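First comes the structure, then the notes that go with it.
By convention in this document, chain letters (A, B, ...) are assigned in the order of the sequence lines, proteins followed by strands, and residues within each chain are numbered from 1. Just so it is clear, the structure is predicted and the values come from calculations on it, not from any experiment.
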Protein chains: 2
Amino acid sequence: MVDKQYEQFIETWGSMGVLWGINRSMARIHAFLITSEEPADLDTIADSLKMSRGNASMCLKELRHWGVIQRVHSPGDRRDSYVAEPDAFKMFFLIGQERKKREFDPALHSVRLLLAEGDPEKRKAVHARLRGLERLLTSIDRVLNKCLQDEKMTKAVLNILKGFVAR
Amino acid sequence: MVDKQYEQFIETWGSMGVLWGINRSMARIHAFLITSEEPADLDTIADSLKMSRGNASMCLKELRHWGVIQRVHSPGDRRDSYVAEPDAFKMFFLIGQERKKREFDPALHSVRLLLAEGDPEKRKAVHARLRGLERLLTSIDRVLNKCLQDEKMTKAVLNILKGFVAR
DNA sequence: ATATAATTTCAGTGTATTTTGAATGGAGCA
DNA sequence: TGCTCCATTCAAAATACACTGAAATTATAT
(Lines give C-alpha, C1' and ligand atoms only; values in the text may rest on other atoms or scores of the structure.)
Protein backbone atom coordinates (compact mmCIF):
# COMPACT_ATOMS: atom_id res chain seq x y z
CA MET A 1 0.00 0.00 0.00
CA VAL A 2 2.88 2.32 0.81
CA ASP A 3 5.73 2.88 -1.64
CA LYS A 4 8.64 0.67 -0.74
CA GLN A 5 11.01 3.60 -0.43
CA TYR A 6 8.80 5.32 2.12
CA GLU A 7 8.30 2.20 4.16
CA GLN A 8 11.80 2.33 5.61
CA PHE A 9 11.26 5.91 6.72
CA ILE A 10 7.92 5.11 8.33
CA GLU A 11 9.35 2.19 10.26
CA THR A 12 12.46 4.09 11.40
CA TRP A 13 10.34 7.01 12.52
CA GLY A 14 8.15 4.48 14.30
CA SER A 15 10.99 2.91 16.27
CA MET A 16 12.27 6.36 17.08
CA GLY A 17 8.89 7.30 18.39
CA VAL A 18 9.26 4.70 21.11
CA LEU A 19 12.44 6.44 22.31
CA TRP A 20 10.76 9.82 22.02
CA GLY A 21 8.01 8.77 24.39
CA ILE A 22 5.51 8.54 21.55
CA ASN A 23 4.20 5.10 20.76
CA ARG A 24 5.01 3.26 17.58
CA SER A 25 1.62 3.63 15.92
CA MET A 26 1.50 7.36 16.55
CA ALA A 27 4.93 7.85 15.06
CA ARG A 28 4.14 5.65 12.07
CA ILE A 29 1.00 7.64 11.33
CA HIS A 30 2.93 10.85 11.67
CA ALA A 31 5.57 9.56 9.25
CA PHE A 32 2.85 8.40 6.88
CA LEU A 33 1.31 11.86 6.81
CA ILE A 34 4.70 13.50 6.32
CA THR A 35 5.24 11.34 3.25
CA SER A 36 1.72 11.68 1.96
CA GLU A 37 1.19 14.14 -0.88
CA GLU A 38 -2.57 14.30 -0.28
CA PRO A 39 -4.52 14.60 2.95
CA ALA A 40 -5.33 11.11 4.18
CA ASP A 41 -8.47 9.86 5.90
CA LEU A 42 -8.78 7.36 8.72
CA ASP A 43 -9.50 4.38 6.46
CA THR A 44 -6.57 5.05 4.17
CA ILE A 45 -4.24 5.40 7.13
CA ALA A 46 -5.46 2.29 8.91
CA ASP A 47 -5.35 0.19 5.74
CA SER A 48 -1.97 1.45 4.58
CA LEU A 49 -0.32 0.89 7.92
CA LYS A 50 -2.24 -2.32 8.62
CA MET A 51 -3.68 -1.21 11.91
CA SER A 52 -7.20 -1.11 13.31
CA ARG A 53 -9.38 1.93 12.83
CA GLY A 54 -9.76 2.21 16.56
CA ASN A 55 -6.06 2.50 17.10
CA ALA A 56 -5.62 4.93 14.23
CA SER A 57 -8.40 7.07 15.62
CA MET A 58 -6.77 7.26 19.05
CA CYS A 59 -3.39 8.06 17.59
CA LEU A 60 -4.77 10.79 15.35
CA LYS A 61 -6.44 12.37 18.34
CA GLU A 62 -3.19 12.34 20.28
CA LEU A 63 -1.16 13.68 17.34
CA ARG A 64 -3.63 16.50 17.01
CA HIS A 65 -3.18 17.18 20.69
CA TRP A 66 0.58 17.44 20.12
CA GLY A 67 -0.26 19.83 17.31
CA VAL A 68 1.89 18.07 14.73
CA ILE A 69 -0.99 17.18 12.43
CA GLN A 70 -4.15 18.98 11.43
CA ARG A 71 -7.62 17.89 10.49
CA VAL A 72 -8.88 19.13 7.12
CA HIS A 73 -12.13 18.69 5.25
CA SER A 74 -12.55 18.25 1.56
CA PRO A 75 -15.80 19.97 0.63
CA GLY A 76 -18.61 17.55 -0.09
CA ASP A 77 -16.91 14.78 1.85
CA ARG A 78 -18.21 13.65 5.16
CA ARG A 79 -14.94 12.07 6.19
CA ASP A 80 -12.18 13.79 8.12
CA SER A 81 -8.78 13.98 6.52
CA TYR A 82 -5.45 14.74 8.08
CA VAL A 83 -2.24 16.46 7.01
CA ALA A 84 1.13 16.78 8.73
CA GLU A 85 2.22 20.20 9.88
CA PRO A 86 4.23 21.24 6.81
CA ASP A 87 6.64 23.53 8.63
CA ALA A 88 9.48 21.47 10.06
CA PHE A 89 10.46 24.24 12.40
CA LYS A 90 7.01 24.53 13.88
CA MET A 91 6.90 20.79 14.36
CA PHE A 92 10.22 20.83 16.14
CA PHE A 93 9.03 23.65 18.34
CA LEU A 94 5.84 21.83 19.31
CA ILE A 95 7.66 18.62 20.10
CA GLY A 96 10.16 20.58 22.17
CA GLN A 97 7.43 22.19 24.24
CA GLU A 98 5.75 18.89 24.94
CA ARG A 99 8.97 17.12 25.84
CA LYS A 100 10.14 19.81 28.23
CA LYS A 101 6.84 19.60 30.03
CA ARG A 102 6.96 15.82 30.25
CA GLU A 103 10.62 15.12 30.87
CA PHE A 104 12.45 18.10 32.15
CA ASP A 105 10.09 19.91 34.46
CA PRO A 106 9.31 16.97 36.75
CA ALA A 107 13.03 16.19 37.10
CA LEU A 108 13.82 19.72 38.19
CA HIS A 109 10.86 19.74 40.51
CA SER A 110 11.90 16.55 42.28
CA VAL A 111 15.46 17.76 42.76
CA ARG A 112 14.22 21.02 44.27
CA LEU A 113 11.87 19.19 46.56
CA LEU A 114 14.61 16.97 47.88
CA LEU A 115 16.99 19.87 48.29
CA ALA A 116 14.47 21.85 50.28
CA GLU A 117 13.83 18.99 52.68
CA GLY A 118 17.35 17.79 53.28
CA ASP A 119 19.54 19.13 56.05
CA PRO A 120 22.66 20.66 54.43
CA GLU A 121 24.81 19.64 57.39
CA LYS A 122 23.94 15.97 57.16
CA ARG A 123 25.08 14.03 54.15
CA LYS A 124 27.25 16.82 52.89
CA ALA A 125 28.40 15.06 49.74
CA VAL A 126 24.86 14.25 48.70
CA HIS A 127 23.71 17.78 49.38
CA ALA A 128 26.54 19.25 47.33
CA ARG A 129 25.78 16.93 44.46
CA LEU A 130 22.10 17.81 44.49
CA ARG A 131 22.89 21.49 44.74
CA GLY A 132 25.07 21.19 41.65
CA LEU A 133 22.35 19.35 39.83
CA GLU A 134 19.77 21.93 40.78
CA ARG A 135 21.95 24.81 39.61
CA LEU A 136 22.61 23.23 36.29
CA LEU A 137 19.00 22.27 35.67
CA THR A 138 17.87 25.77 36.64
CA SER A 139 20.21 27.32 34.07
CA ILE A 140 18.91 24.98 31.42
CA ASP A 141 15.34 25.65 32.50
CA ARG A 142 15.80 29.38 31.94
CA VAL A 143 17.22 28.80 28.51
CA LEU A 144 14.44 26.42 27.56
CA ASN A 145 11.74 28.75 28.83
CA LYS A 146 13.14 31.56 26.75
CA CYS A 147 13.52 29.30 23.71
CA LEU A 148 10.08 27.85 23.92
CA GLN A 149 8.35 31.12 24.65
CA ASP A 150 7.55 31.42 20.97
CA GLU A 151 8.88 30.32 17.63
CA LYS A 152 10.70 33.57 17.00
CA MET A 153 12.71 33.06 20.14
CA THR A 154 13.62 29.52 19.18
CA LYS A 155 14.75 30.74 15.79
CA ALA A 156 16.81 33.49 17.37
CA VAL A 157 18.55 31.03 19.65
CA LEU A 158 19.18 28.62 16.81
CA ASN A 159 20.75 31.41 14.80
CA ILE A 160 23.04 32.36 17.64
CA LEU A 161 24.14 28.76 17.86
CA LYS A 162 24.64 28.53 14.13
CA GLY A 163 26.88 31.56 14.37
CA PHE A 164 28.86 29.90 17.10
CA VAL A 165 29.29 26.71 15.10
CA ALA A 166 30.44 28.63 12.05
CA ARG A 167 33.27 30.29 13.96
CA MET B 1 15.84 0.77 53.89
CA VAL B 2 15.92 4.13 52.15
CA ASP B 3 15.17 7.35 54.02
CA LYS B 4 11.60 8.35 53.44
CA GLN B 5 12.54 11.75 52.11
CA TYR B 6 14.77 10.27 49.43
CA GLU B 7 12.22 7.71 48.35
CA GLN B 8 10.13 10.27 46.51
CA PHE B 9 13.14 11.42 44.56
CA ILE B 10 14.15 7.88 43.64
CA GLU B 11 10.67 7.07 42.39
CA THR B 12 10.29 10.31 40.44
CA TRP B 13 13.68 9.84 38.83
CA GLY B 14 12.60 6.28 38.07
CA SER B 15 9.43 7.31 36.24
CA MET B 16 11.39 9.97 34.43
CA GLY B 17 13.90 7.39 33.32
CA VAL B 18 11.25 5.76 31.19
CA LEU B 19 10.81 9.02 29.29
CA TRP B 20 14.56 9.48 29.07
CA GLY B 21 14.96 6.16 27.29
CA ILE B 22 16.39 4.56 30.41
CA ASN B 23 14.33 1.91 32.15
CA ARG B 24 12.83 2.33 35.57
CA SER B 25 15.28 0.12 37.46
CA MET B 26 18.27 1.83 35.93
CA ALA B 27 16.99 5.25 36.83
CA ARG B 28 16.13 4.17 40.37
CA ILE B 29 19.61 2.81 40.91
CA HIS B 30 21.07 5.99 39.50
CA ALA B 31 18.92 8.06 41.85
CA PHE B 32 19.87 5.81 44.75
CA LEU B 33 23.56 6.37 44.08
CA ILE B 34 23.06 10.10 43.70
CA THR B 35 21.48 10.20 47.14
CA SER B 36 23.94 7.80 48.71
CA GLU B 37 26.65 9.35 50.83
CA GLU B 38 28.80 6.22 50.67
CA PRO B 39 29.66 3.99 47.72
CA ALA B 40 27.11 1.20 47.56
CA ASP B 41 27.59 -2.43 46.59
CA LEU B 42 25.30 -4.68 44.61
CA ASP B 43 23.65 -6.29 47.62
CA THR B 44 22.90 -2.99 49.30
CA ILE B 45 21.41 -1.62 46.12
CA ALA B 46 19.30 -4.69 45.35
CA ASP B 47 18.03 -4.93 48.92
CA SER B 48 17.32 -1.23 49.33
CA LEU B 49 15.41 -0.99 46.08
CA LYS B 50 13.79 -4.40 46.46
CA MET B 51 14.98 -5.79 43.18
CA SER B 52 16.85 -8.94 42.22
CA ARG B 53 20.63 -8.99 42.11
CA GLY B 54 20.47 -10.07 38.52
CA ASN B 55 18.52 -7.03 37.51
CA ALA B 56 20.68 -4.71 39.59
CA SER B 57 23.77 -6.18 37.98
CA MET B 58 22.49 -5.56 34.46
CA CYS B 59 21.44 -2.03 35.30
CA LEU B 60 24.79 -1.21 36.88
CA LYS B 61 26.55 -2.47 33.79
CA GLU B 62 24.38 -0.30 31.56
CA LEU B 63 24.79 2.76 33.80
CA ARG B 64 28.55 2.28 33.67
CA HIS B 65 28.27 2.10 29.91
CA TRP B 66 26.45 5.43 29.96
CA GLY B 67 29.30 6.67 32.11
CA VAL B 68 27.06 8.15 34.78
CA ILE B 69 28.31 5.89 37.58
CA GLN B 70 31.71 4.49 38.42
CA ARG B 71 32.94 1.32 40.02
CA VAL B 72 35.16 1.79 43.07
CA HIS B 73 36.94 -0.65 45.35
CA SER B 74 37.43 -0.37 49.07
CA PRO B 75 40.77 -1.98 49.86
CA GLY B 76 40.45 -5.38 51.52
CA ASP B 77 36.93 -5.82 50.18
CA ARG B 78 36.25 -8.23 47.44
CA ARG B 79 32.98 -6.61 46.49
CA ASP B 80 32.55 -3.94 43.87
CA SER B 81 31.02 -0.69 44.97
CA TYR B 82 29.50 2.03 42.89
CA VAL B 83 29.27 5.82 43.07
CA ALA B 84 27.35 8.31 40.96
CA GLU B 85 29.33 10.72 38.84
CA PRO B 86 29.49 13.65 41.26
CA ASP B 87 29.74 16.39 38.65
CA ALA B 88 26.25 17.30 37.44
CA PHE B 89 27.63 18.91 34.35
CA LYS B 90 29.58 15.87 33.32
CA MET B 91 26.52 13.73 33.89
CA PHE B 92 24.41 15.99 31.73
CA PHE B 93 27.08 15.88 29.06
CA LEU B 94 27.27 12.10 29.06
CA ILE B 95 23.52 11.71 28.89
CA GLY B 96 23.41 14.19 26.03
CA GLN B 97 25.97 12.25 24.05
CA GLU B 98 24.18 8.99 24.49
CA ARG B 99 20.79 10.42 23.63
CA LYS B 100 21.98 12.13 20.49
CA LYS B 101 23.42 8.86 19.28
CA ARG B 102 20.25 6.95 20.06
CA GLU B 103 17.51 9.36 19.15
CA PHE B 104 18.72 12.07 16.90
CA ASP B 105 21.21 10.49 14.53
CA PRO B 106 18.95 7.72 13.24
CA ALA B 107 16.16 10.26 12.58
CA LEU B 108 18.44 12.45 10.51
CA HIS B 109 19.82 9.44 8.70
CA SER B 110 16.39 8.17 7.69
CA VAL B 111 15.31 11.56 6.40
CA ARG B 112 18.47 11.86 4.30
CA LEU B 113 18.01 8.38 2.91
CA LEU B 114 14.50 9.13 1.82
CA LEU B 115 15.46 12.47 0.35
CA ALA B 116 18.26 10.94 -1.69
CA GLU B 117 15.97 8.31 -3.20
CA GLY B 118 12.93 10.37 -3.98
CA ASP B 119 12.42 12.13 -7.27
CA PRO B 120 12.10 15.88 -6.56
CA GLU B 121 9.67 16.32 -9.43
CA LYS B 122 7.18 13.76 -8.20
CA ARG B 123 5.39 14.47 -4.96
CA LYS B 124 6.60 18.01 -4.77
CA ALA B 125 4.93 18.85 -1.48
CA VAL B 126 6.40 15.81 0.24
CA HIS B 127 9.84 16.57 -1.13
CA ALA B 128 9.70 20.15 0.04
CA ARG B 129 8.59 19.08 3.49
CA LEU B 130 11.40 16.54 3.77
CA ARG B 131 13.90 19.04 2.47
CA GLY B 132 12.84 21.46 5.20
CA LEU B 133 13.11 18.78 7.81
CA GLU B 134 16.55 17.76 6.61
CA ARG B 135 17.82 21.35 6.64
CA LEU B 136 16.59 21.92 10.16
CA LEU B 137 17.93 18.65 11.51
CA THR B 138 21.29 19.29 9.84
CA SER B 139 21.58 22.67 11.54
CA ILE B 140 20.79 21.09 14.86
CA ASP B 141 23.20 18.27 14.17
CA ARG B 142 26.05 20.72 13.63
CA VAL B 143 25.26 22.47 16.88
CA LEU B 144 25.04 19.21 18.79
CA ASN B 145 28.26 17.91 17.35
CA LYS B 146 30.06 21.05 18.39
CA CYS B 147 28.44 20.98 21.83
CA LEU B 148 29.15 17.38 22.50
CA GLN B 149 32.70 17.49 21.19
CA ASP B 150 33.91 17.96 24.72
CA GLU B 151 32.75 19.38 28.01
CA LYS B 152 34.46 22.71 27.49
CA MET B 153 32.47 23.25 24.36
CA THR B 154 29.21 22.40 26.08
CA LYS B 155 30.06 24.86 28.82
CA ALA B 156 30.90 27.52 26.28
CA VAL B 157 27.58 27.05 24.53
CA LEU B 158 25.67 27.06 27.78
CA ASN B 159 27.35 30.32 28.74
CA ILE B 160 26.40 31.92 25.45
CA LEU B 161 22.83 30.87 26.05
CA LYS B 162 22.89 32.15 29.60
CA GLY B 163 24.05 35.49 28.24
CA PHE B 164 21.18 35.50 25.80
CA VAL B 165 18.65 34.73 28.50
CA ALA B 166 19.98 37.48 30.74
CA ARG B 167 19.47 40.13 28.06
C1' DA C 1 45.51 -25.66 42.01
C1' DT C 2 41.25 -25.38 44.84
C1' DA C 3 37.86 -23.29 47.42
C1' DT C 4 35.17 -19.43 48.12
C1' DA C 5 32.78 -15.30 47.27
C1' DA C 6 31.10 -12.29 44.26
C1' DT C 7 29.23 -11.04 39.56
C1' DT C 8 27.04 -11.89 35.23
C1' DT C 9 24.04 -14.15 32.11
C1' DC C 10 19.77 -15.66 30.22
C1' DA C 11 15.61 -18.65 29.78
C1' DG C 12 11.43 -18.37 31.84
C1' DT C 13 7.92 -15.71 34.07
C1' DG C 14 5.44 -11.73 35.20
C1' DT C 15 3.85 -7.04 34.25
C1' DA C 16 2.64 -3.17 31.57
C1' DT C 17 1.57 -1.30 27.30
C1' DT C 18 -0.45 -1.43 22.87
C1' DT C 19 -3.77 -2.96 19.71
C1' DT C 20 -8.01 -4.85 18.28
C1' DG C 21 -12.84 -4.82 17.05
C1' DA C 22 -17.45 -4.76 18.50
C1' DA C 23 -20.46 -1.52 20.68
C1' DT C 24 -21.63 3.27 21.13
C1' DG C 25 -22.06 7.95 19.81
C1' DG C 26 -22.94 11.62 16.70
C1' DA C 27 -23.34 14.38 12.37
C1' DG C 28 -25.59 15.11 8.05
C1' DC C 29 -29.36 14.08 4.99
C1' DA C 30 -34.02 12.78 3.22
C1' DT D 1 -37.67 11.26 12.78
C1' DG D 2 -35.15 7.63 11.12
C1' DC D 3 -31.29 6.19 8.12
C1' DT D 4 -26.57 6.07 6.84
C1' DC D 5 -21.96 6.75 7.33
C1' DC D 6 -18.03 7.76 10.07
C1' DA D 7 -15.56 8.53 14.25
C1' DT D 8 -14.71 7.24 18.94
C1' DT D 9 -14.49 4.46 23.02
C1' DC D 10 -13.15 0.70 25.88
C1' DA D 11 -12.99 -4.17 27.52
C1' DA D 12 -10.49 -7.96 26.14
C1' DA D 13 -6.58 -10.01 23.63
C1' DA D 14 -2.08 -9.66 21.88
C1' DT D 15 2.32 -8.08 22.22
C1' DA D 16 6.43 -6.08 23.99
C1' DC D 17 9.17 -5.16 27.76
C1' DA D 18 11.14 -5.75 32.46
C1' DC D 19 12.47 -8.73 36.17
C1' DT D 20 13.69 -12.91 38.56
C1' DG D 21 16.62 -16.46 40.15
C1' DA D 22 19.23 -20.46 39.34
C1' DA D 23 23.28 -21.73 36.76
C1' DA D 24 27.57 -20.34 34.69
C1' DT D 25 31.40 -17.46 35.00
C1' DT D 26 34.94 -14.72 36.83
C1' DA D 27 37.97 -13.02 40.45
C1' DT D 28 40.40 -13.46 44.81
C1' DA D 29 42.51 -15.69 48.62
C1' DT D 30 44.84 -19.70 50.54
Side-chain angles (χ1 to χ4, degrees), chain A residues 1 10-33 38-66 69-83 102-103, chain B residues 1 10-11 13-33 39-66 69-83 102-103:
Chain A
M1 208 71 174
I10 291 174
E11 297 316 321
T12 305
W13 206 256
S15 317
M16 199 76 51
V18 178
L19 296 174
W20 286 60
I22 290 176
N23 77 32
R24 183 175 308 272
S25 301
M26 256 178 85
R28 289 177 75 226
I29 291 180
H30 187 210
F32 179 80
L33 290 175
E38 311 286 325
D41 61 55
L42 190 97
D43 284 12
T44 307
I45 294 168
D47 290 350
S48 303
L49 300 180
K50 296 182 177 57
M51 65 173 71
S52 70
R53 281 130 204 272
N55 192 20
S57 174
M58 304 265 269
C59 290
L60 286 166
K61 183 182 158 192
E62 187 76 0
L63 285 167
R64 241 178 317 141
H65 176 247
W66 276 63
I69 67 170
Q70 281 154 237
R71 187 149 50 179
V72 295
H73 282 278
S74 341
D77 191 347
R78 230 146 122 172
R79 283 175 299 182
D80 298 338
S81 284
Y82 300 87
V83 295
R102 291 190 186 202
E103 302 178 23
Chain B
M1 208 72 174
I10 290 173
E11 298 316 320
W13 205 256
S15 319
M16 198 78 50
V18 179
L19 296 175
W20 286 63
I22 288 175
N23 75 33
R24 180 174 310 271
S25 301
M26 258 178 84
R28 289 177 73 227
I29 291 181
H30 187 210
F32 178 80
L33 290 175
D41 61 55
L42 189 99
D43 284 12
T44 307
I45 294 169
D47 290 351
S48 303
L49 300 180
K50 295 182 177 59
M51 63 173 73
S52 70
R53 280 130 209 268
N55 191 22
S57 173
M58 303 270 268
C59 291
L60 286 167
K61 182 182 158 190
E62 187 77 359
L63 285 166
R64 241 179 317 142
H65 177 246
W66 277 64
I69 68 170
Q70 280 154 239
R71 187 148 51 176
V72 295
H73 282 278
S74 343
D77 191 347
R78 225 144 127 172
R79 283 175 298 183
D80 298 338
S81 283
Y82 300 87
V83 294
R102 291 190 187 204
E103 302 179 23

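Summarising the geometry of A27(B) relative to G17(B), their closest heavy-atom pair is CB-CA, 3.8 Å, with the distance given to 0.1 Å. Residues L33(B) and Y82(B) share a closest heavy-atom pair of CD2-O, 3.4 Å. Counting all heavy atoms, side chain and backbone alike, R53(A) lies closest to D47(A) at NH2-OD1, 4.3 Å. Summarising the geometry of L19(B) relative to R102(A), their closest heavy-atom pair is CD1-O, 3.1 Å, with the distance given to 0.1 Å.
Put simply, NZ on K50(B) is 14 Å from P on dG21(D), counting in whole angstrom units. Look at CZ on R53(A): it is 13 Å from C1' on dT8(D), rounded to the nearest Å. Protein atom CG of D47(B) is 12 Å distant from nucleotide atom P of dT20(D), rounded to whole Å. The CG atom of N55(A) sits 12 Å away from the C1' atom of dA14(D) (whole-angstrom rounding). In this structure, the CE atom of M58(A) is 11 Å from the P atom of dT8(D), given to the nearest Å. Residue L42(B) contributes atom CG, which lies 12 Å from atom P of dT20(D) at whole-angstrom precision. Rounded to a whole Å, the OH atom of Y82(A) is 13 Å from the P atom of dC6(D). When rounded to the nearest whole Å, the span between CZ of R71(A) and C1' of dT8(D) equals 11 Å.
For E38(A), the CD atom sits in a loose shell: 12 or fewer heavy atoms of surrounding residues, nucleotides or ligands are nearer than 6.0 Å.
Checking side-chain atoms of S48(B) against main-chain N and O of T44(B) turns up a donor-acceptor pair under 3.5 Å.
Defined by atom type and a distance below 3.5 Å, a donor-acceptor pair is missing between the side-chain atoms of S52(A) and N55(A).
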(message) Under the criterion side chain to side chain contact (heavy atoms under 4.5 Å, CB included), I'd like the reasoning laid out for L42(B) against D80(B): C-alpha separation, chi angles, the key distance, then a yes or no.
(response) CA-CA 7 Å; L42(B) 189 99; D80(B) 298 338; over 6 Å; no

(request) Apply the test side chain to side chain contact (heavy atoms under 4.5 Å, CB included) to residues M26(B) and L60(B): give CA-CA distance (whole Å), side-chain angles for both, the deciding distance (0.1 Å), then the verdict. (result) CA-CA 7 Å; M26(B) 258 178 84; L60(B) 286 167; over 6 Å; no

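For the pair S25(B) and dC19(D), the criterion of a side-chain N or O lying under 4.0 Å from OP1 or OP2 is met.
Checking dT4(D), dC19(D), dA27(D) against every side-chain atom of R78(A), the shortest atom distance belongs to dT4(D).
Each of G54(A) and S81(B) was assigned the nucleotide of DNA chain C with the nearest heavy atom; the assignment lying further toward the 5' end belongs to S81(B). Taking for each of S52(B) and H73(B) the nucleotide of DNA chain D with the nearest heavy atom, the 5'-most of the two is the partner of S52(B). Along DNA chain D, the nucleotide nearest R79(A) and the nucleotide nearest K61(A) are compared for position; the residue whose nucleotide lies closer to the 5' end is R79(A).
At the heavy-atom level, D80(A) lies under 4.0 Å from the strands shown only through sugar-phosphate atoms. Across all strands shown, R28(A) has no heavy atoms under 4.0 Å from either base or sugar-phosphate atoms.
Near DNA chain C, meaning a heavy atom under 4.0 Å from it, residues 14-23 of chain A has N23(A) in order of number.
First and last contacting nucleotides of DNA chain C toward chain B (any atom under 4.0 angstrom from a heavy atom, 5' to 3' order): dT4(C) to dC10(C).
Scanning for side chain to side chain contact (heavy atoms under 4.5 Å, CB included) contacts around R24(B) gives S15(B), V18(B), R28(B), with sequence neighbours left out.
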